[in-house]
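As the structure lists them, so they are numbered: ligands from 1, and atoms in each ligand from 1.
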Amino acid sequence: MRPAVLFPLFADTTALDGIGPKLARLIERVAGLRVIDLIWCMPQGLIDRRFRPAIADAPDGQLCTLDVTIDAHVPPQNPKRPYRVRASDDTGTVYLIFFNAHNDWIERALPIGARRLISGDVRHYGGEIQITHPDRMLAPENAGELDIIEPIYPLTAGLTQRVMAKTMRAALARLPVLPEWQDAAWLSRNDWPDFVAALQIMHQPQTLAELGADTPARLRLVFDELLASQLALALVRQRARRQAGRTLNGDGSRRKKLIAALPFKLTSAQTRSIDEIEQDMIRDQRMLRLLQGDVGSGKTLVALMAMAQAVEAGAQAALMAPTEILARQHLQTLEPLCEAAGMSVRILTGRDKGRARDKLLEDVADGSVDILIGTHTLIVEDVIFKSLGLVVIDEQHRFGVHQRLTLSAKGVGVHMLVMTATPIPRSLSLAYYGDLDNSRLDEKPPGRQRIDTRTVPLSRLHEVSDGIGRAIAHGQRVYWVCPLVEESELIDAAAAEERYATLSGQYGKDRVGLVHGRMKPSQKDAVMTAFQIGEIQILVATTVIEVGVNVPEATIMVIEHAERFGLAQLHQLRGRVGRGSGQSTCLLLYQEPLGETARARLTTLRESDDGFRIAEEDLRLRGAGELLGTRQSGFPDLKFADLARHGDLLSAARDDARLILERDPELAGERGSALRHLLYLFERDEAIKNLRAG
Ligand code: ADP
Ligand code: MG
């Protein structure tokens, strides 16, 4: 249950004085429905009315407060013209301009002969100094109002800064006294304010510097946010640890045969990862491990060794791939090796129907299948394992957490290995997965040739397509990736179709194929297969080819409008070539002129082929939210923290969370109870369900 002191913050904004349903709808647009949403809505700038020049010194385009005497009113001759009021000081004259205003209102606010403080944006027009619709027009006795620096909040049509400021004051007034959840020594060492004071400071900035990313008040909130998320992740993990895992301690016999059957030696990164996984599976806790490694770093083999260990221990293993074509590819790779090691491997796809499917399911249920490969088809209900011990998931962020859990629920104490070819910077993986166990394949198998990466302006497109012509005449195979126009498959597909038309016009329809996201999976598979077996030589595609398809004979990757792609994505795409022994080339076609960030991206790519380095660089260039596409992928948004910037605080929060649960695993003590408030405030309360006495 949410602590009662927090109720006022989670009430709708209509609970605030002066907020009716109409205003609440406007506020919902900029902040949200609830009081807490308003409180999280930070000022984006500030208005400082303390600049009080003489009229003659008032600069064009600047917010000024002028101390003037009202001289004359000039009502408009025609209603389309503005109402003008002339005012002056010792140094000059200023005109106050009003469009569509009521004359009597202006006359009352600005009586002739009266002194007024006028605050607003000054404009110089011709020889005239003007303020159009001043923000403030005050009698001298109210001058005090102008000394307050006003925060600027995001607005929407119908919502003014004034109303927003007033609403915000009402919201802040609802902040209750809260117990301190941060460690006292840590807090005083950093010299941070308490939570409520920090929010008040953030909402009442006195200087622009106070709006910065590294003020004590903001850092306090950054740490609160990071601590809430680390604690939530640690709680989930603590619970996972309490679930017994199945000890899968094999005798090494099948693994020995596998190694003997390999035409190459394992890299040391592979050996290290295999060991890490082996140790996890021997323990009586469930494994949840992420295996990260660039395309081509040899993840499949690591997975196979883990699966062999499971089989040695009398269990079955499942390997889930995001697409059918990838599942088949895994089968092709694994079949001969499994045969050598005396393991049976089978595939279950959406195409399997009727008797064949029934028979396969029987074999899975009676344990005669050791390893089952498939897509999300593996999670359907009637797939029943005799003794599932290990689940391996390839290319993880195509699957949701739910699908992962469903699959692991098909056995008892099932270990899980999640493989991803998109290396995640340490800080991101920490922020979003917490202390998840991690194995990194940061070394490529020997003998790989570097992909020759070049940047070419689009104005030289014709040279590129001529070059492609020569390449296919020599039997090479080419990927041609079309621009990401918008977040719209329809438009992307149109661009790809156009390119397909040009290229097939040039080289013949029988040599060029097209795949995009709007095609049926079976159509897509057919084209991919044609490319794989060399029936066609040029494959025009949208980014659907991004995920792990292996065509070793493909040696050229052309990416059109490379400046529109993210760094990690470009790296992924490039990884589709350079998989065989031939020298490969990647041509990044870009539209001139290149922006600074786009240039930095393309340069990084030209200089590096290390996915881990590229991921760090991507984080630096783009920021975390964009990097993972946090919104789509269901990662929580961070309100205060910037992972590229606050990496130190993230590690500190991780350590703190770990220590907290070591001392007080149920959050039952005094600090524990304060921390529950923190989890509710940042809406990580799902995690609280992981406590025994929630
Ligand atoms: P990933 O899934 O990480 O992209 P794969 O597992 O598909 O990479 O491996 C890519 C290619 O490298 C495969 O053809 C595989 O047989 C080969 N390979 C894997 N490990 C090694 C190694 N240690 N030495 C040489 N080649 C290897
Ligand atoms: Mg792979």
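Legend: salt bridge (Lys or Arg N to Asp or Glu O under 4.0 Å) pairs involving residues 318-332, not counting sequence neighbours, sorted by first then second residue: E324-R328, E324-R351.
Taking a heavy-atom cut-off of under 4.0 Å, ligand 1 is surrounded by F264, K265, L266, T267, Q270, D294, V295, G296, S297, G298, K299, T300, P445, R448, R579.
Contacts of R246 classified as side chain to side chain donor-acceptor pair (under 3.5 Å), with partners at least two apart in sequence or in another chain: S387. Residues meeting the ring-ring contact (aromatic ring centres under 6.0 Å, His included) test with F531, sequence neighbours left out: Y479.
At a threshold of 4.0 Å, the pair R357-D382 counts as salt-bridged, since one of the basic side-chain nitrogens sits closer than that to a carboxylate oxygen. Between E278 and R255 there is a salt bridge, since at least one side-chain N of the basic residue sits less than 4.0 Å from a carboxylate O of the acidic one.
R289 places no side-chain N or O within donor-acceptor distance of the main-chain N or O of V418, the cut-off being under 3.5 Å.
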